[in-house]
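Start at 1 with the first residue, then count along the sequence.
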Amino acid sequence: MQTPNSLDTLSPRKKLRTGIAMAFVGVLLSVLMFTYPAQLRVPLWVALMASAAFVISGVAVALHAFVSAKTYGWCIVVLLIVLTCIPGWIAFGPVVRVCGASISLLEGQFGCRTAFALSTLLMIGLCLLAVQSAMKAKAE
């Protein structure tokens, strides 16, 4: 028995509207970041990766009704790559930043970076699985 994907329960028109709204939020966030860059506590490119995630997910939702599973799969790959950059910067970025964890084995700066490094590795694994899935998807 196959359960429907949550996107499959939406009409093409609702997918398009939802996707446009999500992409609009990402564009609005980007405009605000360029308007008030002093308010950012991260480099602009990291903040733009976060807003790009909204845009890419919106595009993926909007296109879901109109493109092949292969094209949609590659949209998801791009989204996961963008989402991998954020914890990757926290874990491996050269800048000293305030980062702390209160897990007994992973305390302080080292613990925080270790936790983000592990999440980055997990995201890389998800990216690889998504690439594999996109390659296997049918281009109908």
Side-chain angles (χ1 to χ4, degrees):
M1 181 175 144
Q2 197 174 22
T3 58
N5 181 326
S6 61
L7 279 180
D8 291 335
T9 60
L10 295 176
S11 70
R13 174 173 269 175
K14 285 185 180 179
K15 288 178 190 178
L16 187 59
R17 282 192 309 221
T18 303
I20 290 171
M22 292 168 67
F24 178 76
V25 168
V27 170
L28 180 63
L29 287 172
S30 297
V31 168
L32 289 172
M33 288 176 206
F34 279 109
T35 306
Y36 304 103
Q39 306 293 62
L40 295 176
R41 295 185 179 175
V42 297
L44 182 61
W45 74 267
V46 175
L48 289 174
M49 286 288 156
S51 64
F54 281 95
V55 174
I56 295 166
S57 59
V59 168
V61 169
L63 290 178
H64 186 263
F66 307 107
V67 298
S68 68
K70 189 173 218 58
T71 304
Y72 179 74
W74 285 109
C75 285
I76 300 305
V77 169
V78 172
L79 175 63
L80 288 171
I81 290 169
V82 165
L83 289 174
T84 303
C85 291
I86 301 166
W89 174 77
I90 296 169
F92 305 111
V95 179
V96 176
R97 57 191 115 344
V98 178
C99 181
S102 59
I103 301 170
S104 60
L105 295 174
L106 302 172
E107 291 186 16
Q109 181 80 5
F110 175 76
C112 178
R113 287 195 180 233
T114 301
F116 278 101
L118 292 173
S119 69
T120 302
L121 293 174
L122 177 67
M123 289 298 296
I124 290 170
L126 289 175
C127 289
L128 294 174
L129 287 173
V131 166
Q132 181 183 21
S133 177
M135 290 173 67
K136 288 182 180 178
K138 295 179 181 171
E140 298 171 355

In the single-linkage hydrophobic clustering (I, L, V, M, F, W, Y; side-chain heavy atoms under 4.5 Å), do [X] and [Y] co-cluster?
X   : Y   : value
V82 : V77 : no
F54 : V61 : no
V42 : M49 : yes
V78 : L83 : yes
V55 : V25 : no

Original post:
Within a reach of under 6.0 Å around CZ of F66, are more than 12 heavy atoms found that belong to other residues, nucleotides or ligands?
Top reply: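 Yes, enclosed.
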Mind listing the closest non-hydrogen atom pair of [X] and [Y] along with its distance?
X   : Y    : answer
W45 : C85  : CZ3-CB, 4.3 Å
K15 : H64  : NZ-ND1, 2.9 Å
W74 : M135 : CZ2-CG, 3.7 Å
K70 : A137 : NZ-O, 3.3 Å

**OP:** Could you grab the distance from atom OG1 of T71 to atom CG of L63, nearest 0.5 Å is fine?
**Re:**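 Answer for the OG1-CG pair, T71 versus L63, is 8.5 Å.
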Original post:
Once you round to the nearest 0.5 Å, how far does CD1 of I124 lie from CG of L80?
Top reply: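 One finds 11.5 Å between CD1 of I124 and CG of L80.
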Identify every side-chain donor-acceptor pair in residues 116-123 under 3.5 Å, counting partners at least two apart or on other chains, and give the distances.
| from | atom 1 | to | atom 2 | distance (Å) |
| --- | --- | --- | --- | --- |
| S119 | OG | F116 | O | 2.9 |
| T120 | OG1 | P87 | O | 3.3 |
| T120 | OG1 | G88 | N | 3.1 |
| T120 | OG1 | F116 | O | 2.7 |

**OP:** Would you please name every residue forming a side chain to side chain contact (heavy atoms under 4.5 Å, CB included) with M33, sequence neighbours left out?
**Re:**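 M33: side chain to side chain contact (heavy atoms under 4.5 Å, CB included) contacts with L29, L40, L44, A47, L48, S51.
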Name the atoms and distances for all side-chain donor-acceptor pairs under 3.5 Å in residues 125-134, with sequence neighbours left out.
none

